[in-house]
Amino acid sequence: MNIFDIYLDKIKKLVTALNKEKEIEIPESLNGINVDIPPPKFDCDISTNVAMVLAKINKKSPIDLAKQLSGLIKKDDKNIHSINVAKPGFINIKFKGSFWNNFLKEVIDNQKDFGINKKQKKHKYLVEFVSANPTGPLHVGHCRGAIIGDVISNILIFNKHDVVKEYYVNDHGNQIINFTKSVYLRIREILNNEKFPTNDADLYPGDYLIDIAKNIISENKTLKFENFDKISKELTKLSIKESLKMIKLNLNSLGINHDNFASETEIVNNNEVKLVIDELKKDKFVYKGKINAPKGEDKTEWIEREQLLFRSTDFGDDKDRALQKSDNSWTYFASDVAYHNNKLKRKFDILINILGADHAGYIKRICSAVEALSGQKNKLICKVSQLVKLIKEGKPFKMSKRKGDYITVQDLINEVGKDATRFIMLNRSGDAELDFDFTKVKEKSRDNPLYYVQYCYARISSVFRHINKNVSDKIIITNYNFNYSSDEIKLIKKISQWPKCVEVSSNKLEPHRVPIYLYELAADFHSYWNMGKDNKDKRFINKDNKVSNDKIVLLKAISNVVKSGMNIIGVNSPEKM
RNA sequence: GCGCUUGUAGCUCAAUUGGAUAGAGCGCCUGACUUCGGAUCAGGAGGUUGAGGGUUCAAAUCCUUCCGGGCGCACCA
């Protein structure tokens, strides 16, 4: 039950009807009208800007129009206690206690559905995220995008959409060859005591390669490691398998499970690249041409040559993009176009990609390709997860792949824990950089907002324990006619904002709104809880060691919302801490 | 040089998808522990939302010009 939607509908219907009776003028679109949460200082529950939106077209002052409309809104509405007009032209509505009672009944009776955005059409989504190169374990840099992608999926799933979570495995190209070579040299190091060359910049120096090498040796006793060229194909497969094993373990410890791992090699081997480029050629999106060197860059190494290009400038990109390398093999972009064509063939309504900030420059070209292939704008939505600035002991910590010197996901989970990591990474908007102070989070983990929200749930659980019940037990109340105090109504109002939070998070694909909302809800709860110190009437457990039904309903409703919010974020809500 | 992105309190960040007097946490100051769980709460100080211009009844939010961060810029993925 989304009370904002209910009243938005009602107001839109009202003005449309008034328009039919020639009482007022309305614009073509009513989209500007909204019903919102008023700032706390106003003594009202919801507010609408309808009068300000319609004032101009009606040549009336917003205040006058608001007065006229507010009378009509209140008429025949049993739920409204009072309605008044505020300064620029807002109409502010305050509900009766009976309205909030009915609201709580709805929440309790449909606890699993509360918050779900029902007016949205159900879609089939494909969310691609992480897709880190299979050349080693995940490090902290991958973490944020991974969590954002997972929680975006959770929000969509919560809203009953079909979602496939996919990881694109870049198991093709030069990096993989270098990676395989590195594994090979580590194997030689182990078997033949040949020292691993540490001065070759193309090789992967990390210690984890030793583990990969050991595993491959012990699991492939019959394999001979005498000639790289002879076994490179087999070894590539084995190496990728090993590093994917690591990556899956890392993802698992973050609480992330992809539904599907798509392989680049498979797409290339199936000839999908050639097919999709032929298709684009037919529509004249692909041509042979030259691209100019970027201005301001060092041009000494620039070799101008004719190559196969995709006309991404037709879609707003700043240059056309190369599909073939100088050796005539496909570029990464070419096989990614094929991969996205593969996604399109699987008939998803909307494709979502979560990219790291360093790949933001890539968005236009891949969106262009998807638009060219599907004929639809906005078929592919790319969300960027900004950089995580690591700070260790007060100083920025630079990770370097060369030295193999980086904090892995596993380090992070071991020291901070899955739940805290997820909560902190989400507690900021995805397109703002985030400071992650490794030392601070470790030392002061109790100051973490995660615990603040969990503590709210634990306190509620403890009340239920006192009366020998469990928070998650179903409660049956026949008569909802309680008298809630203004402090309690403040809490109920916050509960009523949950569906709005879900709606905005899902429309904008902004998962950070969920933990921020939960923090605010928890704050209101803790504040109310502490009132019980001065005023025993406000305690949940009364003198007879019982909890009255009105309080049970309130606690139950709060715990429902916390629980479903925490489920979306993918963290636990323990009953005891 | 171009493109994307970002600039809000001393610090880290929110801001209901353009709304009302811009809010939290940390830090600082004052208070609440014989506690329904103090991992909590009440209060105080702290702001020209980087700067200018524009659109709007209404701008931190949209447009524009500067300034400052970050990321990226064929033949890597």
Side-chain angles (χ1 to χ4, degrees), chain A residues 4 32 34 36-42 47 49 51-53 55-56 61-62 86-90 92 131 133 135 170 172-176 264 290-297 301-305 307 309 317-322 324-327 331-333 335-336 356-364 384 386-387 389 427-429 431-435 437 440 444-449 451-452 454-456 458-459 461-463 466 497 500-501 503-504 507-508 510 512-513 516-517 519-520 523 526-534 536 538-542 545 547 551 576-577:
Chain A
F4 303 94
N34 52 40
D36 268 321
I37 305 158
K41 60 205 161 201
F42 294 96
S47 76
N49 64 351
M52 291 180 288
V53 175
K56 198 171 191 183
S61 87
K87 209 175 41 189
F90 287 101
N92 290 338
S131 301
N133 288 333
T135 53
N170 300 128
H172 191 83
N174 286 329
Q175 289 192 40
I176 292 300
E264 182 181 1
K290 290 174 184 171
I291 23 179
N292 297 323
K295 283 177 189 166
E297 283 260 310
E301 282 182 40
W302 185 271
I303 305 156
E304 199 181 73
R305 62 183 187 88
Q307 54 190 338
L309 299 173
D317 202 357
D318 31 301
K319 56 179 98 172
D320 290 337
R321 302 295 173 174
Q324 262 177 329
K325 301 181 203 169
S326 47
D327 67 355
T331 59
Y332 172 79
F333 176 57
S335 57
D336 206 25
D358 51 340
H359 289 77
Y362 188 76
I363 293 177
K364 263 190 190 159
V384 172
Q386 278 298 333
L387 225 67
K389 268 191 280 181
N427 210 17
R428 307 257 175 274
S429 155
D431 33 53
E433 281 183 21
L434 173 125
D435 276 15
D437 193 324
K440 217 171 173 182
K444 301 187 169 184
S445 61
R446 301 233 183 271
D447 281 345
N448 195 301
Y451 297 101
Y452 187 83
Q454 286 184 330
Y455 189 44
C456 161
R459 275 180 153 174
S461 304
S462 94
V463 173
H466 268 95
Q497 292 160 14
K500 204 174 177 70
C501 168
E503 184 186 333
V504 178
N507 286 349
K508 297 181 88 167
E510 291 181 346
H512 74 279
R513 290 167 189 275
I516 286 170
Y517 168 84
Y519 188 89
E520 289 168 3
H526 289 309
S527 169
Y528 181 78
W529 178 282
N530 272 58
M531 288 178 193
K533 287 183 177 168
D534 298 329
K536 301 235 165 170
K538 291 190 173 169
R539 294 194 176 191
F540 290 98
I541 296 167
N542 59 29
N545 231 12
V547 183
K551 298 261 197 318
K576 278 183 187 176
M577 291 171 69

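Every chain is numbered from 1, with letters handed out A, B, ... down the list of sequences. Atom set for the values below is all heavy atoms of this structure, side chains included, hydrogens, waters and symmetry mates excluded.
- Atom C1' of B:C2 sits at a distance of 33 Å from the matching atom of B:A15, rounded to the whole Å.
- Pairing for B:G7 is with B:C67, a Watson-Crick or G-U wobble pair whose two hydrogen-bonding atom distances lie under 3.5 Å.
- Side chain to side chain, A:T135 and A:N133 fail the donor-acceptor criterion of an N or O pair below 3.5 Å.
- Closest approach of A:P449 and A:N427 over heavy atoms only: CG-ND2, 3.5 Å.
- A residue-by-residue look at A:Y332 and A:N92 shows that A:N92 has its nearest nucleotide of RNA chain B further toward the 5' end.
- Where A:D431 and A:L434 meet RNA chain B, the nucleotide closest to each residue was compared, and A:D431 sits on the side nearer the 5' end.
- The residues A:E510 and A:R513 are annotated as salt-bridged, a charged nitrogen and a carboxylate oxygen being separated by less than 4.0 angstrom.
- Every residue meeting the ring-ring contact (aromatic ring centres under 6.0 Å, His included) condition with A:H526, not counting sequence neighbours, appears here in chain and number order: A:Y452, A:Y455.
- Note on A:F333: nothing from the nucleic acid sits closer than 4.0 angstrom, heavy atoms only.
- Of the side-chain N and O atoms in A:K290, none sit less than 4.0 angstrom from OP1 or OP2 of B:C75.
- The closest donor-acceptor contact from the side chain of A:T331 to the backbone of A:A322 lies under 3.5 Å.
- For B:G1, the paired base is B:C73 (Watson-Crick or G-U wobble, both distances below 3.5 Å).
- The A:E433 side chain lies nearest to B:G70 when the options are B:U17, B:C57, B:G70.
- Atom P of B:G54 sits at a distance of 37 Å from the matching atom of B:G72, rounded to the whole Å.
- B:G18: no Watson-Crick or G-U partner with both key distances under 3.5 Å is found in any strand.
- Across all strands shown, the partner of B:G43 is B:C29, judged by Watson-Crick or G-U wobble contacts whose two distances both fall under 3.5 Å.
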Seminar exercise, completed: Its contact letters, B for base, S for sugar-phosphate only and - for none at protein heavy atoms under 4.0 Å, make nucleotides 42-49 of chain B read S-------
